[in-house]
Amino acid sequence: MAVELCLLLLLFCGSTISEVQPIYKPPPGTLDFGFVPAKTYDTGAYHEPGAIGILFKIVHAFLYLVQPNTFPQDLIRKLAQQQFGNTQGDYQKPENVVLTLQAIYYEIGFIVSAALGLLFILLLPLVGLCFCMCRCCDNCGGEMHQRQKKNADCQRSCFATFLFVASLIISVGVLCAYAANQHLTNQVRGAKKLVNSNFKDLKIFLNDTPAQIDYLVNQYNTTKDKALSDLNNVGPVLGTRVQEQLGKEVRPALDAALTMAGAIRETKEALENVSVSVEVLQEGTERLHANLTDVKMHLSNTLNDSACNAAQAASTCNIIRNSLAQLNINANFSGLPGVSLQLARINDVLKIDLSSLVQKGYAAFNDTPDLVVNQTRNILSDIKSVLESIGSNITTFTRALPVQKILADLMVHLTQSEAYVQDYFPLVEQYDFYRWLGCLILCCMLVLILVFYYLGLLCGTCGYDKHASPTTRGCISNTGGNFLMAGVGFSFLFSWVLMIVVVLTFVTGGNVEKLVCEPFEDKNLFKVLDTPYLLNKHWKNYLAGIIFKNPNVNLTFEKVYSDCKENKGIYTSLHLEHLFNINELLNISMYTEDVALKIEHIQINLSKIILLDEIGKENLLNFSSSGIDGIDFSAYLTEINKSVTKVDLLSFANDLEARADQLPKGALENALKGHANNIRMIHNQQVVPLEQAMSTLNQSIRLLKRTSSELMVKVKNVISAVNAAQDLINNNASQVIVQETKKYMDTIIGYFEQYTEWVKESISMEVAACKPIANVIDTAVDIFLCSYIADSVNTFWFGLGGSSMFLIPAIIFAVKLSKYYRRMDTEDVYDDTENGNNGYHKEHLYGIHNPVFTSSVEQW
């Protein structure tokens, strides 16, 4: 079945998956192939026993006490490989003797326990026979005579208590055995659902595999569509990549040229601002000088008034008179050189629109994707034909595989197996019913014994009269004693039968648990099966020899089971790459080489791109020789850094008004305040505009100074950068194009590699996931054999064996106790006066015959 299943996996895979290969890291354009369609399996290969699981754990603990040794892998290997009995004297060989002793040592716990059970089987019926014959001879308690003792009541109570405790323990054992028996029957009845679930999962496994393989094949279209999309967009893809690489030098050069074009415009604006500002400042300072002169003259005339000669005003007038010299202009702009020559030259430079020339360079460079499209039309058609041929070859190969026939054959075998199981399942249930009935009869044997014991205790305890003599005991008490003896009799009859069943099930079930179930759980059992040359002395690996006819392939039961347990694909689990060489069937590298050769023939010529023509470069040189670096910036900055007037007119006006307030009220005070207001008006109307003009002049001069600083060097650097970028495009672009073409080729080929890796990963982990196979093994071994059968059988013998063992003390206590319940034929004479010894005769005790009851009951 596995050999046929592997054919389903041969549709597509770029390379075998047995070798460990580094994971391919795809380019940024990662393809999304979606998820391989997979249905959920219904079988849960796990059994939860429920409340009876506590009993199972107790039995496991008992088995550990009996057999604490670890699983003997080496011993089993040697025993399996050793051939006994082929020649006379094999068993006497030293190595065989050692192996036998090692096996005995490992099984010593079971051997000792089985020996005790056999001793029980042999001795208890023999003891029962002797006991019966002894009682028939009126010995061993068979004489219907009871001697009266002082501690009779204490002994009776102790015997009754011990018998009751023993009966309770036997009852618990019977309940355990019955529960295990019923549990096994219930699980067998419910096993049909689990079996059907496994068959259903196997059918899903077969039916789902073709759809998964078709999905893998169809996802080639995703790869092809992505590759065709990139080829159809070769301009945006390859052209953009070439453009990005060249742009690392081209764009900074064009940006620098564009920045220089902006600097020319800014220079013109700055020169115009300087020319206008200087003119405004020159005219304004002349007018301000005249107005300040008039103010000083009028103030001087006011201070010459006779009122200033008064004692109260003389000092104030003198202070004001001494400050008049401050009312004068401070900056002199009349001597600054003009910039008309530089402005004229800049205007000549601006007659050529450098920005427009740079934008043409940008536009030419941005047309790179279109150039790539126009120059790669013929090659793209060849590449598309190669991609189409890959898809057609995959489809042809897929149709050539007899997938449906293989699946149909497998489905027929699976259906026949399911029908066989369904036909024989009623027979299994029938035999299980016989087993259940037999186990129930065994339990009923113990129940019958318990019934006699419990009835004996009940009747004996309730009917006992301590005032009655042994010969006058009541009928109920006597019946209780008879029940106890009946229980003893049935115990001798049934105990050996029960112990035979216990020994057989103990040896079988215990060894199944220790040699199959426990090593299966920790996978040591698989390690034994994987021992080289164990199952076949000519094959190193048995499973590989069965599947591949090549026992040297490293294929083990443990690895296959573990992989299927993890729901890996059957291709990985069975190492089917050793059976089929996918590379020979579908060699994707041949097609990728064709695609690579086609892409390498791409030739792109970018020599038509002109970043900046000679006119633009000459325009830049004219700007550098415009003369702005010859402006006397220090003369401008010297005057700009001065204030318009020697004193702040507002402060002077405020101070003048404050001193006027110190004068006596009158015409002098009012005249001075009028002059103060006039000074404020001059400040607001003339000084403030001049300050604003100086600020504009300051900004423009400083801008021109920064621009003119090493202007020639800056212009030459811009021209050099443009020339270098142009040289890169004209002479070295081919290297960049080759480099980016290879990257583009790697991207296209990367799509196929992604697809190949995805197919390999999908086949390894998802396609034909063999979880149902592991579930079948778990169901057969872990659930059916171990959880259902072994645990139930072990619990059954544990309960039955414990009950059988406690029959021995129960027999002893029942025999002892029956003497106190049964009606005796004779009794001791009781005399109240003799010897003062509580009425008991010491030496001369005579049995008095009971005329009422003379051996009317059966004696033991």
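Values below: all heavy atoms of this structure, side chains included; hydrogens, waters and symmetry mates excluded.
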A.B. asks: If the threshold is 4.0 Å, N to carboxylate O, is there a salt bridge linking K565 and D778?
C.D. replies: yes
A.B. asks: Start with the C-alpha gap between E418 and V195, add the side-chain angles, then the distance that decides, and say whether side chain to side chain contact (heavy atoms under 4.5 Å, CB included) holds.
C.D. replies: CA-CA 9 Å; E418 184 178 13; V195 171; over 6 Å; no
A.B. asks: Are Y533 and Y542 an aromatic pair by the rule of ring centers under 6.0 Å?
C.D. replies: no
A.B. asks: What do the steps show when you test F492 against I811 for side chain to side chain contact (heavy atoms under 4.5 Å, CB included), and what is the final call?
C.D. replies: CA-CA 9 Å; F492 282 122; I811 290 172; 3.7 Å; yes
A.B. asks: Just to verify, what does F71 make a ring-ring contact (aromatic ring centres under 6.0 Å, His included) with, not counting sequence neighbours?
C.D. replies: none
A.B. asks: Return the minimal non-hydrogen interatomic distance between V815 and M485, and the atom names on each side.
C.D. replies: CA-SD, 4.2 Å
A.B. asks: In Å and rounded to the nearest 0.5 Å, what is the CG to OG distance from L118 to S113?
C.D. replies: 11.0 Å
A.B. asks: May I ask you to check whether E518 and N524 show a side-chain donor-acceptor distance below 3.5 Å?
C.D. replies: no
A.B. asks: Could you go through residues 788-796 and list every donor-acceptor pair under 3.5 Å that involves a side-chain atom there, pairing it with any protein atom two or more places apart or in another chain?
C.D. replies:
residue	atom	partner	partner atom	Å
Y788	OH	Q187	OE1	3.4
D791	OD1	H60	NE2	3.0
S792	OG	H183	ND1	3.1
S792	OG	Y788	O	2.6
N794	OD1	G510	N	3.3
N794	OD1	W797	NE1	2.7
N794	ND2	G509	O	3.3
N794	ND2	A790	O	3.1
T795	OG1	D791	O	2.7

A.B. asks: To the nearest 0.5 Å, what is the distance between CD (E513) and OG1 (T508)?
C.D. replies: 13.5 Å
A.B. asks: Is there side-chain contact between F110 and V503, with at least one heavy-atom pair below 4.5 Å?
C.D. replies: no
A.B. asks: Kindly write out the residues that satisfy side-chain contact (heavy atoms from CB on, under 4.5 Å) with W436, not counting sequence neighbours, or none if the list is empty.
C.D. replies: N181, Q182, T185, F433, L440
A.B. asks: What's the separation between atom CD1 in I476 and atom OG1 in T461, rounded to the nearest 0.5 Å?
C.D. replies: 12.0 Å
A.B. asks: Taking everything shown except F199 itself, do over 12 heavy atoms lie less than 6.0 Å from its CZ?
C.D. replies: yes
A.B. asks: Do you know the tightest heavy-atom contact between I773 and C564?
C.D. replies: CB-SG, 4.4 Å
A.B. asks: Is a side-chain N or O of K192 found less than 3.5 angstrom from the main chain of F425, in a donor-acceptor match?
C.D. replies: no
A.B. asks: Residues two or more places apart in sequence or in another chain: which of them pass ring-ring contact (aromatic ring centres under 6.0 Å, His included) with Y434?
C.D. replies: none
A.B. asks: Considering all heavy atoms of both residues, which atom of D563 and which atom of K559 are nearest to each other, and what is their separation?
C.D. replies: OD2-NZ, 2.6 Å
A.B. asks: Picking from F506, F56, F62, what satisfies ring pair (Phe, Tyr, Trp, His ring centres under 6.0 Å) with F798?
C.D. replies: F62
A.B. asks: Kindly state whether the ring of F164 and the ring of F813 have centres lying under 6.0 angstrom apart.
C.D. replies: no
A.B. asks: Measure from the ring center of F557 to the ring center of Y561 and say whether it is less than 6.0 Å.
C.D. replies: no
A.B. asks: To the nearest 0.5 Å, what is the distance between CG (L75) and CD (E107)?
C.D. replies: 9.0 Å
A.B. asks: Working to the nearest 0.5 angstrom, can you tell me the gap between L414 CG and F205 CZ?
C.D. replies: 10.5 Å
A.B. asks: Sub-3.5 Å donor-acceptor pair from the side chain of S197 to the main-chain atoms of K193, do we have one?
C.D. replies: no
A.B. asks: May I ask you to check whether over 12 heavy atoms, not counting those of Q73, lie within 6.0 Å of atom CD?
C.D. replies: yes
A.B. asks: Evaluate whether atom CZ of F162 has more than 12 neighbouring non-hydrogen atoms of other residues, nucleotides or ligands under 6.0 angstrom away.
C.D. replies: no
A.B. asks: Is it true that R77 and D74 have a side-chain N and a carboxylate O under 4.0 angstrom from each other?
C.D. replies: yes
A.B. asks: For I54, I'd like to know if atom CD1 has over 12 heavy atoms of other residues, nucleotides or ligands within 6.0 Å.
C.D. replies: no
A.B. asks: Write down the atom of N198, the atom of P772, and the distance for their closest heavy-atom approach.
C.D. replies: OD1-O, 4.5 Å
A.B. asks: For residues 445-459, run the donor-acceptor check on the side chains, cut-off 3.5 Å, and write out each pair with its distance to 0.1 Å, sequence neighbours left out.
C.D. replies:
residue	atom	partner	partner atom	Å
Y453	OH	S491	OG	3.1
Y454	OH	S167	O	3.2
Y454	OH	S171	OG	2.7

A.B. asks: Closest heavy-atom contact between S573 and V560?
C.D. replies: O-CG2, 3.3 Å
A.B. asks: Quick check: do D782 and F520 have side-chain heavy atoms less than 4.5 Å from each other?
C.D. replies: yes
A.B. asks: Identify the heavy atoms of A810 and I170 that sit nearest to each other, and give their distance.
C.D. replies: CB-CD1, 4.1 Å
A.B. asks: Applying side chain to side chain contact (heavy atoms under 4.5 Å, CB included) to V781 and L525, what does each step give before you reach the verdict?
C.D. replies: CA-CA 11 Å; V781 180; L525 185 61; 5.5 Å; no
A.B. asks: Can you measure from CZ (F120) to CD1 (I500) and round to the nearest 0.5 angstrom?
C.D. replies: 10.5 Å
A.B. asks: Could you note down all residue pairs passing salt bridge (charged side-chain N to carboxylate O under 4.0 Å, His left out) where residues 427-436 supplies at least one of them, sequence neighbours left out?
C.D. replies: D432-R435
